[in-house]
Number of protein chains: 2
Amino acid sequence: MQNKIFQNFLGQKGLKMTRERFAVLEEVSSVPVHFDPEQLYARIRESGLKASRASVYRTLSLLVESGLVEKVSRSGRGNIYEHTYGRRHHDHMICDICGEIIEFYSEDLENLQLDICTSNNFKGMSHTLEIRGHCENCRR
Amino acid sequence: MQNKIFQNFLGQKGLKMTRERFAVLEEVSSVPVHFDPEQLYARIRESGLKASRASVYRTLSLLVESGLVEKVSRSGRGNIYEHTYGRRHHDHMICDICGEIIEFYSEDLENLQLDICTSNNFKGMSHTLEIRGHCENCRR
DNA sequence: GTCTAATTGAAATTAAATCTCAATTTCAGT
DNA sequence: ACTGAAATTGAGATTTAATTTCAATTAGAC
């Protein structure tokens, strides 16, 4: 599972699996799917776990590198991350009014992007598609 | 042209066309297509024009609202904007290595997004697609 | 020209994220 | 289990981006 994955990732890079890194991964698993670093830090403090703000940010970067977490958006002030372990890739619609985040996935969309990368001789590693507008509820 | 457009926009909102706002729009027109607010501010200082940092940020928001400027990305630290007057919508590939920004446009991609919005009962107003990876030059 | 509401700018403030560096911890090699 | 080198940590300082404050100024309707 994800602990093993993270441990392998760290091993490959000659990094150590510390108590703090474990705590961050632990909390990432229990936090809502979309979260921001400060939220995560606050929750770690509340739960018995321990990791400084610096470690939270540092570990978050490693988790992104390892593929367990993705940076979702930078619409507002800070970054929003999401826990991606066991969830397939998807993109987001964000309601400008109520802030709701709707996830969607389209095979066609993914393929189209691959084609576009190919024809530009670009090696696409990741992407973010964010559609902003008004959600179902706010359309009235 | 764009001055008129901005003026109309301001008029409609009961806002005033000030020297400072004019200066910002002026400089947006001469700056490279992709720019960040601090760059813009620096260039305004250099040229004879005058507008405080606060006014630059404030005006930039208005320009986005008016449609003359778009927020492109928030990949790194600050926001990147682009001047969109007279240019059609497009998306971006950003090289993780050298930072190069490649623009692209795909009718199919746009249509696909429309379909996706429709089937989610979402009224899409704008979107940002950012593909990150390695550009042609950096692939070796 | 007058008047009022909008706007400005300098500096303080907020907020997110990163950096510093002495003290601590991990873990590979024994 | 012990040791030592190298990685990691945390508290607080720092950086950077952006926003806010508010008294003084200015635009523009009348």
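In what follows, every heavy atom counts, from backbone to side chain, and hydrogens, waters and symmetry copies are set aside. To find a chain, count down the sequence lines: A is the first, B the second, and so on, and within it residues start at 1.
Counting only residues at least two apart or in different chains, salt bridge (charged side-chain N to carboxylate O under 4.0 Å, His left out) contacts with residues 113-123 of chain B are absent. Listed by first and then second residue, the salt bridge (charged side-chain N to carboxylate O under 4.0 Å, His left out) pairs that reach into residues 80-91 of chain A are A:Arg87-A:Glu103, sequence neighbours excluded.
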Enumerate, atom names and distances included, each donor-acceptor pair closer than 3.5 Å involving a side-chain atom of residues 1-12 of chain B, sequence neighbours excluded.
{"unit_1": "B:Gln2", "atom_1": "OE1", "unit_2": "B:His83", "atom_2": "NE2", "d": "2.9"}
{"unit_1": "B:Gln2", "atom_1": "NE2", "unit_2": "B:Ser29", "atom_2": "OG", "d": "3.2"}

Pairs under 3.5 angstrom only: tabulate donor-acceptor contacts from the side chains of residues 17-25 of chain A to other protein residues two or more places apart or in another chain.
{"unit_1": "A:Thr18", "atom_1": "OG1", "unit_2": "A:Arg21", "atom_2": "N", "d": "3.2"}
{"unit_1": "A:Glu20", "atom_1": "OE2", "unit_2": "A:Lys50", "atom_2": "NZ", "d": "2.9"}
{"unit_1": "A:Arg21", "atom_1": "NH1", "unit_2": "A:Lys16", "atom_2": "O", "d": "2.6"}

Validation: residues 58-68 of chain B side-chain donor-acceptor distances under 3.5 Å, sequence neighbours left out:
{"unit_1": "B:Thr59", "atom_1": "OG1", "unit_2": "B:Ser55", "atom_2": "O", "d": "2.7"}
{"unit_1": "B:Ser61", "atom_1": "OG", "unit_2": "B:Tyr57", "atom_2": "O", "d": "3.4"}
{"unit_1": "B:Glu65", "atom_1": "OE2", "unit_2": "B:Lys13", "atom_2": "NZ", "d": "2.7"}
{"unit_1": "B:Ser66", "atom_1": "OG", "unit_2": "B:Leu63", "atom_2": "O", "d": "2.8"}
{"unit_1": "B:Ser66", "atom_1": "OG", "unit_2": "B:Leu68", "atom_2": "N", "d": "3.4"}

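If you chain together hydrophobic residues whose side chains sit under 4.5 Å apart, A:Tyr81 and A:Tyr41 fall into the same group.
Not counting sequence neighbours, the partners of A:Ser47 by the side-chain contact (heavy atoms from CB on, under 4.5 Å) test are A:Glu27, A:Leu49. For B:Ser126, the side-chain hydrogen bond (donor to acceptor under 3.5 Å, both in side chains) partners are A:Arg132, not counting sequence neighbours. Partners of B:His92 under the ring pair (Phe, Tyr, Trp, His ring centres under 6.0 Å) rule, at least two apart in sequence or in another chain, are B:His34, B:His90. For A:Glu46, there are no side-chain hydrogen bond (donor to acceptor under 3.5 Å, both in side chains) partners, not counting sequence neighbours.
Terminal axes of the helix from C:dG1-D:dC30 to C:dT30-D:dA1 (five pairs each, C1' rotation axis) are separated by 40°, to the nearest 10°.
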Between protein and nucleotides 11-15 of chain D, what N or O pairs are separated by less than 3.5 Å?
none

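When the side-chain nitrogen and oxygen atoms of B:Lys50 are compared with OP1 and OP2 of C:dT8, none of them lie within a distance under 4.0 Å. For D:dT19, neither phosphate oxygen OP1 nor OP2 lies less than 4.0 angstrom from any side-chain nitrogen or oxygen of B:Tyr57.
Atom C1' of nucleotide D:dA17 and atom CD of B:Gln39 are separated by 14 Å, given to the nearest angstrom. The distance between atom CG of B:Asn79 and atom C1' of D:dT16, rounded to the nearest whole Å, is 12 Å.
Near DNA chain D, meaning a heavy atom under 4.0 Å from it, residues 1-26 of chain B has B:Lys16, B:Met17, B:Arg19 in order of number.
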